[in-house]
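Right, one structure below, let's go through it.
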Amino acid sequence: MINKQVQDMAAALDGLDDGAVILAGGFGDAGVPNDLLHALSGLHLKNLTLVGNGAISERIGHGKLIDSGAVSTYIASFPCAPHAKLFDPGTPTADVALEIVPQGTLAERIRAAGAGIPGFFTKTSAGTPLGEGKETREFSGALHVFETAIKADIALIKAKRADRWGNLVYAKACRNFNPIMAMAAKTTIVQVEEIVELGGIDPELVVTPGIFVDRIVVIETPFTAQDLS
Amino acid sequence: MINKQVQDMAAALDGLDDGAVILAGGFGDAGVPNDLLHALSGLHLKNLTLVGNGAISERIGHGKLIDSGAVSTYIASFPCAPHAKLFDPGTPTADVALEIVPQGTLAERIRAAGAGIPGFFTKTSAGTPLGEGKETREFSGALHVFETAIKADIALIKAKRADRWGNLVYAKACRNFNPIMAMAAKTTIVQVEEIVELGGIDPELVVTPGIFVDRIVVIETPFTAQDLS
Amino acid sequence: MTGGLSRSQIAWRAAQDIHEGATVNLGVGLPLGIPNHIPADKEVVFHSENGLLGMGPPAAEDEEDWELINAGTRPTTLLPGGSFFHHADSFAMIRGGHIDICALGAFQVSANGDLANWDLGDGKRIPTVGGAMDLAVGAKRVFVLTEHNARDGAPKIVERCSLPLTGLACVDRIFTDLAVIDVTDRGLSVTEHLETISFEELQNRTGASLEQSSDWRPLISPALDGE
Amino acid sequence: MTGGLSRSQIAWRAAQDIHEGATVNLGVGLPLGIPNHIPADKEVVFHSENGLLGMGPPAAEDEEDWELINAGTRPTTLLPGGSFFHHADSFAMIRGGHIDICALGAFQVSANGDLANWDLGDGKRIPTVGGAMDLAVGAKRVFVLTEHNARDGAPKIVERCSLPLTGLACVDRIFTDLAVIDVTDRGLSVTEHLETISFEELQNRTGASLEQSSDWRPLISPALDGE
């Protein structure tokens, strides 16, 4: 019988190692796998490359993992919200290497990795500082840059509901990067609020088919930014 | 008020012209916009480029439009089922130019057009006759070919249900090429079995958001291969 | 500084150029005022790049749903007819030219429509690009809403941008507190400006050469509450 | 022609190499027999490139649903846990390396794993590639199920393919009526063959050089009904 549910965080994060490339979902605080990220912070790994849209605070989610010292490179479109204590000179994370990627290019590079496309051209960032040093080509008279897939070892995903095959549905604006990140890693680890019986998710409603999911851990009440206060 | 529904086939196909590039959905007979294609056959246009997975018979769908003499080029992965009377020497459609494209490459080239990606690399067809003459590049030691987006003037789509904004849901295996083709044309024309009130489609269940849809025509009982007998 | 339009009036003026049925993405700052000036009977579909189409007004304070946020990460609402999708699909809408109008703020716009709006280039802050570069080059039409001059009086419309670019030749129309200016193949064309200033004065407050459009008309905005 | 395995037995043998939980795509011909030999208590997820995961057995004759067809365009079924998706997502699964095993038929397989299975190259038929090229290079492991020799006795396993290729160096394991052969970096390695024929006889019926695997064992299949 296929059953991708694991019993606890330790099992969910088993085998993660120093130097891994990790995709972590979410936008703002919506869809951020905070519980997975916080548990990962506690493993004291080193030299992780973290990929995600951005951190909202050093106290939660992407920011908390970065602040724990585990991350040497952060690939993001909006690395940090204005008031987060991250990356600034004098903070513990001043040495984290930042790679700023336009949000749509970031999404497409991740989707490309999941879809087996090693590289593609896009108009986004052509002629700007973020396009500097990239191969360029004209299409229909407009300058484009060549972008490559971002493949990862691990994807950390948050979804609303799963079944034991790993089919996932999300809540509202909490899809964001999660469905495409689930496609792009060797091992995809998901935190969900509940697991329903097989067949309990309408096949027309599945957003992430189970083929993209490796491990599921149930966190009934996920940690959110509302819990910080 | 936004209302993309048009009253009849004439209004749905209004403005189509000789030489247009037309995407038509479907795989086998599932999701094929037969009624739109048959109405288009009656317009006696010329030199259309038709793009789709393949024709199952000269009497229906893609095959009927081709057999009507309107199509000068067919871009397809499986141009014709074994017993269809199409393309063979001596048949009326012997002169139709065929461009055979691997099915996944066809899907990705259409999706690329919809997503504003002018070109991408894929391993598919590298080293084969279908990759001949294409730009090649190695990634991770494997030969890849460069493929370009297939942009179209018109997409002919079949869906199950729509609302007046053009949100679409499909039935089971009838999605196939329809959702990606809806993204890739200047004008997307959809036949649906019913239109429900705005809000009548769960926002989590929308497969094609209305942004991709221009005209909707209701065909309560679509023509299918079962009607050929 | 002048008797120019208020921020609400700039948003009002831009809203007049949004047609019924348009799909519109709004950047932060001035553009966020636009929905306040779309009449209730004119259906406009707002896109939020974090995966919403058919976005409604911000959530009421006692109805905040943190699973339903906008691109500014604040609780919002979804109208009937709305839909949810993931980031690759959302930016396919943007990059693929499916957004009719994107309204953005600006640090600088150049005579050929180059836009600088993401990095002040002063090294004081971590640069955060978000979706600005994708929106700038992807939308069918790009509106810029901006004060005509910075607080120190420096023109924001310039011959060439000195700040790091967001996109090349991507801006179509500029709405300021003084004027409405189209970016054309021949340069910047003033289609409207306040009657209270002369064309020469407008030119003096602009860092690039302007021409007056053949269908020029005065820039008029109603008085608006709350300014 | 020989006392080799029946077509069902070839499918049975391939089915033994499909692990529980595997996601599997089946090409037309011999591979379509594989599901008949997966025990009911072993969950295998079948993918159909027209947009199904968790495909079940073909639809019963009185329960045909023409909105639910397989890649062969015949009515099929969906198991609990199944899902529907569009063609770009379906081939993202294939091209992105998410399909564990793809089982295909073959006209020819070469010593380095090149596959020819889509065009006989005789100009007699319109060539129809379908998803063969994507599957051949995209799946994690590619199984080929084929008669060891064509009807005229010509070997289907050859030094170099003479027919138009489907994919380069893509085949991992070949199941025939006579043997199970792995494509390795050093060439073709026979892991199993019928005890009723000698290695020399197998070599004589093969168009490429074979070596016997160090963990060779006899190819044995149960008698199967319906042959």
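Lettering follows sequence order; numbering is per chain, from 1.
- Closest non-hydrogen pair, D/L135 versus D/V142, comes out as O-CG2, 4.0 Å.
- Heavy-atom pairs under 4.5 Å with chain A peak, among D/G54, D/A92, D/G81, D/G21, at D/G81.
- Residue with the most contacts toward chain D among A/I117, A/D163, A/I201: A/I117 (heavy-atom pairs, distance under 4.5 Å).
- Residue D/F85 touches chain A through its side chain alone, counting heavy-atom pairs closer than 4.5 Å.
- Per-residue heavy-atom pair counts under 4.5 Å with chain D were compared for A/K151, A/E197, A/K4, A/E204, and the maximum is reached by A/E204.
- Ion pair D/E147/D/K156 not flagged as a salt bridge, since none of the NZ, NE, NH1 or NH2 atoms sits closer than 4.0 Å to an Asp/Glu carboxylate oxygen.
- Aromatic pair A/F120/A/F146: centroids not less than 6.0 angstrom apart.
- Checked against the 6.0 Å centroid criterion, the rings of D/F175 and D/F143 qualify as a close aromatic pair.
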